[in-house]
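In what follows, chains are A, B, ... by sequence order, proteins preceding strands, each numbered from 1.
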Amino acid sequence: MNVLEVKALFLGTSDDKDYVPHLKGMFNGLPTFVVCEPIELLLQLELYCKKRGITRVVSTNTSILKRLLDKMGYDKSAPALSNYAGSLFTFGEGAAIEIVFIPPLRQLFTVTYGRFLAARYISKVCAPESWREATQFQWGLITAENFQDCLFQLSGAYAISIDIETLRQDLRIRCIGYCGVYVGPEGQITTRSYILPLDSSYSLACARAIHDLPAQKIFQNGKYDNSYLLRYNAEPRNWLWDTAHFMHSWYSELPKDLGFLNAFFLRKVVYWKDLAETNDLHEYYKYCAMDTWATANVWISQLLTAPDWARHNYSLEFPLVFPCLLAEMTGLKRDMQKLEEARNEINVKEEAELTSLRACLGLPGFNPNSPVQVKLLLVALGCKDITTTEEKDLAKARLRHPLNNLLLGKVLEIRGLRKLRSTYLRVESDAKQSGIHQGEGGSKEFKGRVLYSLNPHGTDTGRLASREHHFWCGLQIQNIPRGREVKQTLCADDGFALAECDLEQAESRDTAFISGDENLIRAVSGERDFHSVNASSFFGIPYELIYDDSTGKTKDKPLRDLSKRVNHGANYNMGANVLVDTMGLDKIWEAKRLLKLPYTEPKEIAEFLLSRFHKTYPRIRNAYYVGVTHEIGTTSRLVSRAYHHAPEDAGLGERDLVDKANSYISKGGWTRYCFGKPATNKSDLNAYVAHCPQSLNARTLNEAFLRVFYELALKHPKTFRLHAQIHDSILFSYAPGTKHPEHVKDCMEIPISIRDVSGTYRTFTVPAALKLGMKDKTTGQFKTAKYWSETE
DNA sequence: GAGCGAAGCGCC
DNA sequence: AAAGGGCGCTTCGCTC
């Protein structure tokens, strides 16, 4: 036997047993033992390894994890394995044995990226030579005495990562951490971290001096830090890097928090966020320093190992942090009086409905928001086959009996009102009731404004995601209800009018040009009403009977609505039963009647409807879905083959423009790495066929958002305000009399050159429509919008 | 009483 | 067997 032979052990739990064979091939060819019996003590494990000459351990055993953490002086009773996946410890004589933790093996199947992560983590101990070792962690406190030294050292850094620690209570920055990255003459990389407690105006001056250094700055999810730094007038110069955005640009489907990035990119690390729960100030500073060290090292690893397409994605995505940050800090003014009125209106309505419903039922304590209680109600109404109580299920039950209709209608009405009040029209007293501490004393508003965050790394497709603001108040701005109830409380600032500009039917147009389906291209590009054209081609009824082009009026609304639903469903590969559910049985029977169909089963009707779509637009399924599956099957990636014309392209001749577009397209636009398996999993297929148009539209709007930022928001800060982006629209306000709205529209109408799945090139532009206000009902005069409810 | 996941629902 | 996609927030109801 070769005594130098390296041996490995998989130490799992009884839950892992069945999955162990699926780890095959991940151990770099090392002879590997397997133990799934309970081993509680480190000593037991040590003896087991010693006896067999094992020096590499891969484990899911939380008892051993806890022992290892105990040894580090950390006594949490139950560490979560999910946090420690990828953490690497050493133990045994001379710390010669390395052990890495991985998620429970079940995840090899339940999570699309399960295999990928397991293999990566296992390679930490079984193929360590494939990992670059991180820099040594060293850190110090910045004091008045050593500040000049620290500043001098940092001024020599190649790059500086920055991380702030905040107090949620009063939005105060407690300390700021820096990690200077230094490149030696031989190319060797070292780092040093510095912690600056922010406890005086002197220390703030120190922070400003460091932030003003020309070195490129690195953050992890830096819009958070920069929101606070802006409050302190201490924003950094030259913020070029963000590790969360880099991760999103590379593996958009994976987590992006620092704990995960740490485990993912660095070999010899232990998850430390649990340990950072400390009351010792010096320890607290040390963990802040570790954050900056991790951010810097993750960045180094990303820079050294990312493929070109991920870098290209990054160059598209990162610039968005600036318009997003501006929009987040701008927010929208809330009319507090309107808020109060809207609440009162809702309270009155809800009170009436609730009293009535409870009286009908004879149950004074009935809660329509309780799934348990509504389920019982369904049973009482003879609908025990319906087991969930969401709107579409209640819709089903309502059709069965007028009494059901009455009672469940009230349930839905009350739920709707409560949703409006609790989510969108919240005031201080609500927060006190539920123990939430938000804004100033519990309201959603921050100095009378609704804030929000807009996150370019928040979705798999490249859309922005939204949530409440970094200051722990505000709203998700992208799901404000459509009616006037909430939007009438949000308005432009004094001296401004509010406006919204939409890309019209963007995803349908994008789908048409991505698939290259000539019928669909004609339908979306023509002058005629898209849904009526669809109704006509789906069901063989003359267009003129459905829509009157001369008056712009719909003549057959039921049929047009039907084709709208079918288009929507089929576009995203919806199954027949789901279409039945989303349309509702009444609409299904209506379709049967309208089209004089012979079928008796709802599913058959839905199947017929869907088949009409695919008959009309055959390339959607036959070329596009097939192309997506094939591309992912062979490359694990989806590449956007579209080029957004740059403003300077206007000066190019036809020939040069085509060359430029083609060269861009052949390199690829936005690329998504795909862990799912569309060939065998319909959910994955649906996600990926939805990705392409959604992502292309997101890119178009993001590009427009950037242009609006540079051409309007930065140039006209006194007469223009950039508020938000809402998936296919941009919300802004402007001083009346300016030409800013038209300029926004110009920024949004970006010509796109695209290569379809079969290789044909085309160019098209999604039209944008301004919504500036509405006609006054009484005077008939056009009135520019002040409130969001008025932008029509 | 805190924490968490599920249910339900708002938007495109 | 059947399965639209992409998000985030509040409430409920359960566990610790």
Side-chain angles (χ1 to χ4, degrees), chain A residues 77-78 80 82 252-253 367-375 387-394 411-412 414-426 430-431 433-436 438 444 452-455 457-469 474-483 485-487 500 502-508 511 565-583 603 606 610 613 620 625 628 672 676 678 680-695 697-698 701 724-729 731:
Chain A
S77 53
S82 58
S252 64
E253 298 176 11
N367 178 1
N369 278 32
S370 161
V372 175
Q373 293 182 36
V374 175
K375 245 174 260 178
T387 52
T388 53
T389 58
E390 60 198 306
E391 188 167 356
K392 74 171 165 50
D393 300 298
L394 298 192
V411 167
L412 289 172
I414 294 164
R415 278 191 197 162
L417 293 166
R418 286 183 174 177
K419 175 89 173 177
L420 283 177
R421 185 182 54 202
S422 66
T423 307
Y424 303 103
L425 298 169
R426 223 185 166 96
D430 297 323
Q433 260 173 32
S434 57
I436 296 169
Q438 260 183 328
K444 286 286 186 189
Y452 32 80
S453 65
L454 294 167
N455 304 317
H457 58 294
T459 72
D460 290 351
T461 59
R463 275 184 174 180
L464 304 188
S466 173
R467 45 164 77 169
E468 72 168 14
H469 191 264
L475 297 174
Q476 206 289 40
I477 200 62
Q478 294 177 327
N479 72 348
I480 303 295
R482 275 197 248 110
E485 289 90 344
V486 182
K487 289 193 169 175
E500 199 165 356
D502 282 30
L503 291 174
E504 294 184 295
Q505 290 116 35
E507 282 191 30
S508 281
T511 304
R565 291 164 193 276
V566 172
N567 176 63
H568 198 236
N571 241 326
Y572 295 111
N573 206 19
M574 198 183 267
N577 279 328
V578 178
L579 187 66
V580 172
D581 266 1
T582 54
M583 281 179 62
K603 189 179 174 187
L610 292 170
F613 174 94
I620 299 294
Y625 294 177
V628 164
R672 170 168 174 184
T680 52
N681 182 317
K682 185 167 188 274
S683 295
D684 289 347
L685 174 64
N686 287 353
Y688 293 129
V689 300
H691 167 88
C692 301
Q694 196 175 111
S695 172
N697 181 46
L701 196 62
Q725 189 211 85
I726 302 157
H727 303 314
D728 56 17
S729 75
L731 183 69

Leu417(A) CG to dT11(C) P, in whole Å, measures 14 Å
Return each pair, listed once, that meets salt bridge (charged side-chain N to carboxylate O under 4.0 Å, His left out) where at least one residue sits in residues 571-583 of chain A; pairs must be two or more places apart or across chains.
Lys392(A)-Asp581(A), Lys396(A)-Asp581(A)
Respond yes when some side-chain nitrogen or oxygen of Lys603(A) is under 4.0 Å from OP1 or OP2 of dA3(C), and no when none is.
no
Atom CG of Asn571(A) and atom C1' of dG5(C): how far apart are they, to the nearest Å?
11 Å
Could you run down the sub-3.5 Å N/O contacts of the protein with nucleotides 12-16 of chain C?
| unit_1 | atom_1 | unit_2 | atom_2 | d |
| --- | --- | --- | --- | --- |
| dC12(C) | OP1 | Asn367(A) | ND2 | 2.9 |
| dG13(C) | OP1 | Ser370(A) | OG | 2.3 |

Using whole Å, report how far NZ of Lys392(A) lies from P of dA7(B).
12 Å
Report yes if some heavy atom in the side chain of Asn571(A) is under 4.5 Å from a heavy atom in the side chain of Pro693(A); otherwise report no.
no
Sugar-phosphate, base or nothing in reach of Asn573(A), heavy atoms under 4.0 Å:
nothing
Determine whether Gln725(A) and Ser729(A) make a side-chain contact, defined as any pair of heavy atoms from C-beta on separated by less than 4.5 Å.
no
Rounded to the nearest angstrom, tell me the gap between atom CG in Asp460(A) and atom P in dG8(C).
10 Å
Show the distances under 3.5 angstrom between N or O atoms of the protein and N or O atoms of nucleotides 3-6 of chain B.
none

Got a sec, which residues hit salt bridge (charged side-chain N to carboxylate O under 4.0 Å, His left out) with Glu253(A), two or more places apart in sequence or on another chain?
Arg672(A)
What residues, two or more places apart in sequence or in another chain, satisfy salt bridge (charged side-chain N to carboxylate O under 4.0 Å, His left out) together with Asp393(A)?
none
Proximity to the side chain of Arg467(A) - top-ranked nucleotide from dC9(C), dT10(C), dC9(B)
dC9(C)
Measure the distance from CD on Gln725(A) to C1' on dC7(C) and round it to the nearest whole Å.
13 Å
Sorted by chain and number, sequence neighbours left out, salt bridge (charged side-chain N to carboxylate O under 4.0 Å, His left out) with Asp728(A) holds for none
Taking the side chain as C-beta and beyond, is there a heavy-atom pair between Glu500(A) and Ile726(A) under 4.5 Å?
yes
For a quick check of understanding: with a heavy-atom distance under 4.0 Å over all strands, which category does Gly569(A) fall into, base, sugar-phosphate or nothing?
nothing
I'd like to check the side-chain hydrogen bond (donor to acceptor under 3.5 Å, both in side chains) partners of Asn369(A); sequence neighbours left out, ordered by chain and number.
Arg418(A)
Check the distance between dA3(C)'s P and Leu579(A)'s CG and give it to me in whole angstrom.
10 Å
Does Asp460(A) have any side-chain hydrogen bond (donor to acceptor under 3.5 Å, both in side chains) partners at least two apart in sequence or in another chain, and if so, which?
none
What's Thr388(A) touching, base or sugar-phosphate or nothing? Going by heavy atoms closer than 4.0 Å.
sugar-phosphate
Look for any protein N or O under 3.5 Å of an N or O in nucleotides 10-12 of chain B and output each such pair with its distance, or none.
| unit_1 | atom_1 | unit_2 | atom_2 | d |
| --- | --- | --- | --- | --- |
| dG10(B) | O4' | Tyr424(A) | OH | 3.4 |
| dG10(B) | N2 | Asn479(A) | ND2 | 3.0 |
| dG10(B) | N3 | Asn479(A) | ND2 | 2.8 |
| dC11(B) | OP1 | Arg482(A) | N | 2.9 |
| dC12(B) | OP2 | Arg482(A) | NE | 2.9 |
| dC12(B) | O3' | Asp728(A) | OD1 | 2.9 |
| dC12(B) | O3' | Asp728(A) | OD2 | 2.8 |
| dC12(B) | O2 | Arg463(A) | NH1 | 2.9 |
| dC12(B) | O2 | Arg463(A) | NH2 | 2.9 |

Kindly write out the residues that satisfy side-chain hydrogen bond (donor to acceptor under 3.5 Å, both in side chains) with Arg463(A), not counting sequence neighbours, or none if the list is empty.
Glu507(A)
Sequence-distant partners of Ser695(A), side-chain hydrogen bond (donor to acceptor under 3.5 Å, both in side chains), two or more places apart:
none
Mind checking His568(A) for me? I need base, sugar-phosphate or nothing, with any heavy atom below 4.0 Å counting as a touch.
base
Looking at residues at least two apart in the chain, or sitting in another chain, which of them share a salt bridge (charged side-chain N to carboxylate O under 4.0 Å, His left out) with Arg421(A)?
Glu350(A)
Between Asn455(A) (CG) and dG8(C) (P), how many Å, whole number?
8 Å
Distance check needed: dT10(C) C1' versus Lys444(A) NZ, whole Å only.
9 Å
